[in-house]
Amino acid sequence: MRTPHLETPLDGFIVHPVRTDADRYALEEWLQYETFLGIDTETEGLAYDDEVRLVQLANKNEAWVFDPKENAGIVQEIVLGHYDLVAHNATFDALALAKDPEKLMTVCEDTQIMAHLLDPRTTQDGGIGHGLKPLCDHYLGAGAIDGQTALKQRFKELGLTIASGFRNIDLWDDTYVVYGGLDAGLTVRLHDILAPKIKESGLNNIYEFERHVSRICAGMSARGIKVDMDHAIETYKELEDEELQAVRKVSIYGVENVNSTAQVAEALLARGVELTEKTNSGKWKVDKTVLNSLDDPVAELVQQAKSAGKAKESWVKPIAQEAFRNEGRVHPRIKTLGAKTGRMSVERFQQLPTADYRIRGCLIPDEGHTLVAVDYSQVEVRVMAYLAGERNLIEAFEAGEDVHSSIASRLYGDDFSPEQRSLAKAAIFGKLYGAGPKKLSETTGVSQNQAKKVMNGLNRSFPRLSRWSSTLVDKARFNGGFINTPTGRRLPVVRGYEYKVTNFITQATAADLFKGALVELSDAGYEENMLMVVHDEIIFQTQEDPEEFAAKVIEIMSGSLGDVPIEAEATIAESSWGSLYKKDLSLV
DNA sequence: ACTAGGAGCGCG
DNA sequence: AAAGCGCGCTCCTAGT
């Protein structure tokens, strides 16, 4: 008996639930004639160990929706790359379906990557956005209702929350099935519109590049990183204790909740502390900088409590919880197009504190392996030197010594002081980010007048930097708010904020340099060694002699950008990832 | 009960 | 004329 198909709100689009043997035969037959399929999965949730509940395959007119547990053969063929596919965020579906996402991703186009390359702005940023819903609204018109919106409504009717809905809704609930199938079909229709646009816009090379990068990073997600559970639990307890003690002490001063800025401000004012800064919404500002400038026990205790609480709740607890459910490993989720500049972002494990090395100390290599971290040194400044064609800065790098010292000697002569070196360093970073004298004086503590002098000096010593920025700003103004990077990425610039282009293009170029290194490392056979990426740093583990391994990897990652040498540096961990940061503490 | 935005803090 | 950039996560607060 065939299960009747379901109608959908999308013109002429139907959905076939696959529930009986007859349904399965019909699906098998359909698959024989289809050459290109949209794929989507519905999972219990977003965690690494959440299981796939439904798989949807579609062409632009119909979708087939099946339970992967009852159709293991088809799932196997998908995972082995036997069908040409398109998904919206292929990484997610590939990781949900397979422990080894490589083969699937090799044959799977990705409309999310296409969308990001065509317009990297989020909806909040004034762009089209990268979710299936906003993209369908924009490219397919109003009739194209995506699954999420309708499902939310359905969950409400059933008295379910979003989280519990995806996990608990009846597998064959009509709305669930219809909109699941619809999403796969919409992905196909979106692909039919976006793929030609990618070609027309000359973005095909970078699209294939991004797909390759996403494949490599999905591999890292799947591999995961081993967790030292004993250490994690021990650290959790220590942090809990630190937090509790500070909370107890500060409550004597009337602060019941250290995370309430209002309470903190009130307690400080009551003690006669003078607060001077306010936030945008007119409340007293009591952030780290403000609290650090105060010599007051409340300020200190609040900070202690907050930082211990943050470390405990944001980092150690999630690591321990995930490892507990996933055979002692954490699986970072890497968004290869995390930022509009093309930079990657990593959910949960990117911003682990470095100062408190107990946190990174939770992450350890597999048995018999050593962790090796390799990062690019001052890569963005180098990229800026290259893009601006600033000879003097390039020479500073070619000299091969400490570049900030080279810059300082250009500004202050050879007998510059350590303070002047720091100032030079802050100034070049300020240049990179487009800071003014006000900001520079805030970050360095020198007067605004002095900051201005430093910046003028920098401009005199490296004249091409300023000329390059103003040319870029003009370009952005006359180019419809978009500029192109050397790798062909299109970067949007908000009107009135054109000064940001210098940072955007530098960050984007550095990101592509880094992604290029990932591809080279993969080609050279080092993919299995890669565990994690952090902007311009790769964490490897190796069974080889770590020194030799590091040398080989550095060789691959190093190179040059025009005349600018690009250098990578390695640090070898004695034990955990955290052990790399212990030396920082001894310096303090 | 849930959501959105602000504030704050972590990373490069 | 001047403008520090890009992220993710948690907690609080106010609004629905």
Side-chain angles (χ1 to χ4, degrees), chain A residues 120 122 124-125 152 155-156 159-164 256-265 277-292 302-303 305-315 317-318 332-335 337-356 359-360 375-381 384 426-444 448 451-452 455 469 473 491 493-494 496-508 510-511 514 532-538 581:
Chain A
T122 59
Q124 292 105 324
D125 227 350
K152 268 189 200 169
F155 291 159
K156 219 169 204 173
L160 298 165
T161 63
I162 293 173
S164 70
E256 288 305 318
N257 184 345
V258 292
N259 286 315
S260 165
T261 51
Q263 276 187 36
V264 173
E277 282 187 85
K278 296 229 175 164
T279 66
N280 285 336
S281 59
K283 290 169 183 155
W284 288 115
K285 196 174 177 92
V286 282
D287 66 7
K288 204 168 137 182
T289 318
V290 173
L291 294 184
N292 272 338
V302 164
Q303 287 209 74
K306 280 176 79 170
S307 82
K310 171 96 178 167
K312 177 168 76 83
E313 287 304 311
S314 300
W315 320 124
K317 191 172 168 186
R333 180 161 295 173
I334 302 167
K335 287 205 235 168
L337 285 166
K340 58 173 175 274
T341 51
R343 239 195 192 187
M344 300 199 271
S345 66
V346 184
E347 285 175 13
R348 295 166 73 187
F349 306 112
Q350 173 170 302
Q351 342 73 292
L352 298 180
T354 53
D356 185 346
I359 318 296
R360 293 193 188 208
D375 71 327
Y376 282 117
S377 31
Q378 309 103 11
V379 66
E380 292 193 345
V381 184
M384 182 167 71
I428 197 82
F429 276 111
K431 193 82 196 166
L432 192 60
Y433 296 139
K438 184 163 165 276
K439 198 72 196 179
L440 187 61
S441 96
E442 281 169 19
T443 45
T444 57
Q448 280 201 40
K452 201 163 192 169
M455 295 182 80
S469 350
V473 166
L491 289 182
V493 184
V494 177
Y497 292 85
E498 286 86 356
Y499 77 96
K500 292 185 181 185
V501 294
T502 49
N503 180 255
F504 285 1
I505 202 165
T506 309
Q507 199 180 101
F514 183 75
M532 172 79 173
V533 288
V534 194
H535 296 311
D536 55 6
E537 179 179 7
I538 306 174
Y581 296 89

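None of the values given here were measured: they were computed from a predicted structure. Just so it is clear: chains get the letters A, B, ... in the order the sequence lines come, proteins before strands, and each one is counted from 1.
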query = What is the 5' to 3' range of DNA chain B, first to last nucleotide, that sits under 4.0 Å from any heavy atom of chain A?
reply =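 The protein-touched segment is dC2(B) to dG12(B).
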Could you state the interatomic distance from [atom1] ([X]) to [atom2] ([Y]), rounded to the nearest 0.5 Å?
X         : Y         : atom1 : atom2 : answer
Gln507(A) : Arg343(A) : CD    : CZ    : 4.0 Å
Ile359(A) : Gln351(A) : CD1   : CD    : 12.5 Å
Phe429(A) : Met384(A) : CZ    : CE    : 8.5 Å
Asp287(A) : Glu277(A) : CG    : CD    : 7.0 Å

inquiry  = Nearest heavy atom decides the nucleotide; on that basis, is Glu347(A) or Pro437(A) closer to the 5' end of DNA chain C?
reply    = Pro437(A)
task = For nucleotides dG4(C) and dG12(B), find the distance between their C1' atoms and express it as a whole number of Å.
result =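 These two C1' atoms come out 14 Å apart once rounded.
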Looking at [X] and [Y], would you say the former's side chain and the latter's main chain have a donor-acceptor pair under 3.5 Å?
X         : Y         : result
Glu347(A) : Arg333(A) : no
Glu380(A) : Ala510(A) : no
Asn503(A) : Leu432(A) : yes
Ser314(A) : Lys310(A) : yes

Contact class for [X] vs. all strands (heavy atom < 4.0 Å): base, sugar-phosphate, or nothing?
X         : result
Arg333(A) : nothing
Leu352(A) : sugar-phosphate
Lys500(A) : sugar-phosphate
Gly436(A) : sugar-phosphate
Tyr497(A) : nothing
Thr443(A) : base

query = Base, backbone or nothing for each nucleotide of nucleotides 10-16 of chain C, written B, S, -, heavy atoms under 4.0 angstrom, 5' to 3'?
reply = SSSS---
Residue pair [X] / [Y]: nearest heavy atoms and the distance that separates them:
X         : Y         : result
Asp125(A) : Lys340(A) : OD2-NZ, 3.0 Å
Arg360(A) : Pro353(A) : NE-O, 3.4 Å
Val533(A) : Ile538(A) : CG1-CG1, 4.4 Å
Ala265(A) : Trp284(A) : CB-CB, 3.7 Å

ask   = So does Gln507(A) reach the base of dG6(C) with its side chain, donor to acceptor, closer than 3.5 Å?
value = no
Starting at atom [atom1] of [X], determine the distance to atom [atom2] of [N], rounded to an integer number of angstrom.
X         : N      : atom1 : atom2 : value
Lys452(A) : dG4(C) : NZ    : C1'   : 17 Å
Ile359(A) : dC9(C) : CD1   : C1'   : 14 Å
Gln448(A) : dA2(C) : CD    : P     : 11 Å
Lys317(A) : dC9(C) : NZ    : P     : 15 Å
Phe429(A) : dG6(C) : CZ    : C1'   : 14 Å
Lys335(A) : dG6(C) : NZ    : C1'   : 13 Å
Lys306(A) : dC9(C) : NZ    : P     : 19 Å

inquiry  = A quick test of your reading: do over 12 heavy atoms of other residues, nucleotides or ligands sit less than 6.0 Å from NZ of Lys278(A)?
reply    = yes
For [N], take OP1 and OP2 only and decide whether either is under 4.0 Å from a side-chain N or O of [X].
X         : N      : value
Lys340(A) : dG6(C) : yes
Ser345(A) : dG8(C) : yes
Tyr499(A) : dC5(C) : yes

request  = Stems involving DNA chain C: give each as a range paired with a range, ordered by first number, where a stem means at least three consecutive Watson-Crick or G-U wobble pairs under 3.5 Å.
outcome  = B:1-12 with C:5-16
task = Among dC5(C), dG4(C), dG8(C), find the nucleotide with the atom closest to the side chain of Asn503(A).
result =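 Of all the options, the side chain of Asn503(A) is nearest to dC5(C).
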